[in-house]
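Every heavy atom of this structure was used, including side-chain atoms; hydrogens, water molecules and symmetry mates were not. Reminder, nothing fancy here: chain letters follow the sequence lines and each chain counts from 1.
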Amino acid sequence: MKIIRESPYIWRIKKYDNMKVDAIIFTDSKTINNSEYQEAINQLINVATLPGIVKAAYAMPDIHWGYGFPIGGVAAFDKDEGIISPGGVGFDINCGVRVMITPLNYKDIDIDIDKLIKEIYNEIPVGIGSRTKFKFSVKEMKNIIENGAYWAVSNNYGISEDLNNIEDSGKIIYADSKKISSEAIKRGSNELGTLGSGNHFIEIQKVEKIYDKEKAKEWGLFENQIVYTVHSGSRGLGHQVATDYIKIFRDNLKEWNKKIPDKQLINAPFNSQYGQDYFFAMNGAANFAFANRQVMGHQIRKIFKKIYNVNVKLLYDITHNIAKLEKHNINGKEMDLIVHRKGATRAYENQPVLIPGDMGTSSYILIGTAKSMKLAFGSSAHGAGRVLGRRQAKRRLNSSAVINELKEKNIHLIAKSKSTIVEEAPEVYKNIEDIVNIIEKIGISKKIAKLTPVGVVKG
DNA sequence: ATGTGC
């Protein structure tokens with residue numbers, strides 16, 4: 001294996017053996033040789049062997065091991081010759097982030113943070129197995145799956161201008177509820193508007209720093225402003241879709257998959273019936289996730305209206321777990337590609353890029369660049385990335401110490417489960433500043449604003 | 001991530 005340093009933060013592994021293209025890693029010299037990176041880099045090399053892959057397999061600075069494909073990876077496949085793989089999307093289909101902005105200043109609100117997060121916690125079901133009290137009918141579920149955030153806004157969970165500020169307007173058209181199992185639909189029927197667990201969160205944040213005054217103003221951001229972020233996905237419904245199609249592919253595409261270097265890279269030709277079925281089911285789950293974040297974002301907006309009598313706007317809502325049909329310019333030729341972003345954020349030129357950190361540090365609002373279109377199919381990083389596994393975290397940390405540590409930083413926390421507090425502690429994550437600085441130095445996104453948490457709701 | 005595992 002030959003790693004070439006192409007620039008201070010770009011590393012290229014020249015293709016060898018069964019690789020069809022090179023692998024490219026965006027990171028610094030400190031981490032490229034880190035042994036903990038090696039598993040993820042091996043996964044990236046495996047991805048580079050898959051049929052129809054175009055240009056290279058890419059890794060963002062926050063890569064770590066994932067199911068088959070590394071988390072923090074981008075892989076684009078030719079629409080006609082290439083594949084689609086559930087492992088390239090992840091189990092939490094359309095896990096993503098939305099940032100909503102208030103006109104409030106931190107000094108107007110600081111005494112009420114506990115009250116505010118408690119209201120949110122009481123309104124929105126959080127934690128593993130979190131459910132709403134009511135269930136949607138199968139007919140209504142189909143409507144949600146095919147219409148996403150558009151469904152939510154049409155049903156009074158939002159205002160029409162919200163839809164202008166969601167990736168794909170919160171509704172992917174290549175979605176078909178008939179491709180989703182009744183089991184998945186049943187699981188989703190009382191999950192709309194629920195947060196979930198793990199790294200999912202709701203954070204009340206303060207705009208700590210503005211890097212680009214003009215763009216921040218255009219986007220409605222100012223220093224010390226109160227904003228909030230919702231990080232969640234497609235809950236049990238999306239998880240069931242992933243599980244279902246991995247099994248369907250295993251049962252029916254044995255011959256097609258006999259050469260894959262890792263069973264978890266199971267895939268279907270994009271243009272086959274199985275590939276299309278997964279694509280339409282996956283997009284249905286993605287629409288469910290768009291609706292889910294839309295509902296939660298709007299419920300919190302209503303809480304702000306009630307307590308502070310202010311109007312809240314949606315800055316942007318974006319996914320970091322999806323495979324999308326996109327047109328890209330490859331060596332002067334426009335190509336239709338199926339771009340898998342797993343733990344990677346779309347970063348089209350001028351588009352807001354939302355990268356959350358851990359609950360003790362900060363999150364960033366950035367902007368996509370022309371360079372990102374050229375270097376990584378218009379993609380960027382998605383978060384800090386773990387340094388400690390969940391089990392290790394439990395062994396080394398305890399929840400009251402984490403709560404105290406946050407308290408010292410004036411961060412209020414309300415969480416359903418003590419083990420989640422420990423598994424998601426600041427110590428468990430890499431430094432988000434490093435990740436953001438690397439992607440900015442490469443030029444695939446530019447910083448607009450830095451957010452620091454003041455109130456956190458966790459599962 | 002997940003009614004937390006084959």
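- Within the nucleic acid shown, A:Glu423 has no heavy atom closer than 4.0 Å to any nucleic acid atom.
- A cation-pi arrangement is found for A:Lys55 relative to A:Phe377, the charged atom lying closer than 6.0 Å to the ring centre and inside a 45° cone about the ring normal.
- In this structure, A:Gly198 reaches the sugar-phosphate backbone alone: every heavy-atom distance under 4.0 Å involves primed, P, OP1 or OP2 atoms, never a base.
- Every residue two or more places apart in sequence or in another chain that forms a salt bridge (charged side-chain N to carboxylate O under 4.0 Å, His left out) with A:Lys247 is listed here: A:Asp251.
- With rounding to whole Å, A:Gln240 atom CD is found 13 Å from B:dT2 atom P.
- Protein atom NE2 of A:His239 is 8 Å distant from nucleotide atom P of B:dG5, rounded to whole Å.
- A salt bridge between A:Lys324 and A:Asp168 is present, with a side-chain N of the basic residue lying under 4.0 Å from a carboxylate O of the acidic one.
- A:Asp114 is linked by a side chain to side chain donor-acceptor pair (under 3.5 Å) to A:His412, counting only residues two or more places apart in sequence or in another chain.
- Separating the CZ atom of A:Phe91 from the P atom of B:dT4 is a distance of 14 Å, rounded to the nearest angstrom.
- Judged as a salt bridge (charged side-chain N to carboxylate O under 4.0 Å, His left out), and not counting sequence neighbours, A:Glu36 has no contacts.
- Atom CG in A:Asn94 sits about 13 Å away from atom P in B:dT2, given to the nearest Å.
- Taking atom CG on A:Leu195 and atom P on B:dT2, their separation rounds to 9 Å, with Å as the unit.
- For residues 38-52 of chain A, the set of pairs meeting the side-chain hydrogen bond (donor to acceptor under 3.5 Å, both in side chains) definition, not counting sequence neighbours, is empty.
- Going from atom CZ of A:Arg390 over to atom C1' of B:dG5 covers 15 Å, rounded to whole Å.
- Judged as a salt bridge (charged side-chain N to carboxylate O under 4.0 Å, His left out), and not counting sequence neighbours, the contacts of A:Lys458 are A:Glu424.
- Near-neighbour residues of DNA chain B inside residues 125-135 of chain A, defined by a heavy atom below 4.0 Å, number-ordered: A:Ile128, A:Arg131.
- As rounded to whole Å, 12 Å separates atom C1' of B:dC6 from atom OH of A:Tyr67.
- Within 4.0 Å (heavy atoms only), A:Ser197 reaches sugar-phosphate atoms of the nucleic acid but no base atom.
- The separation between A:Lys247 atom NZ and B:dT2 atom P is 23 Å, rounded to whole Å.
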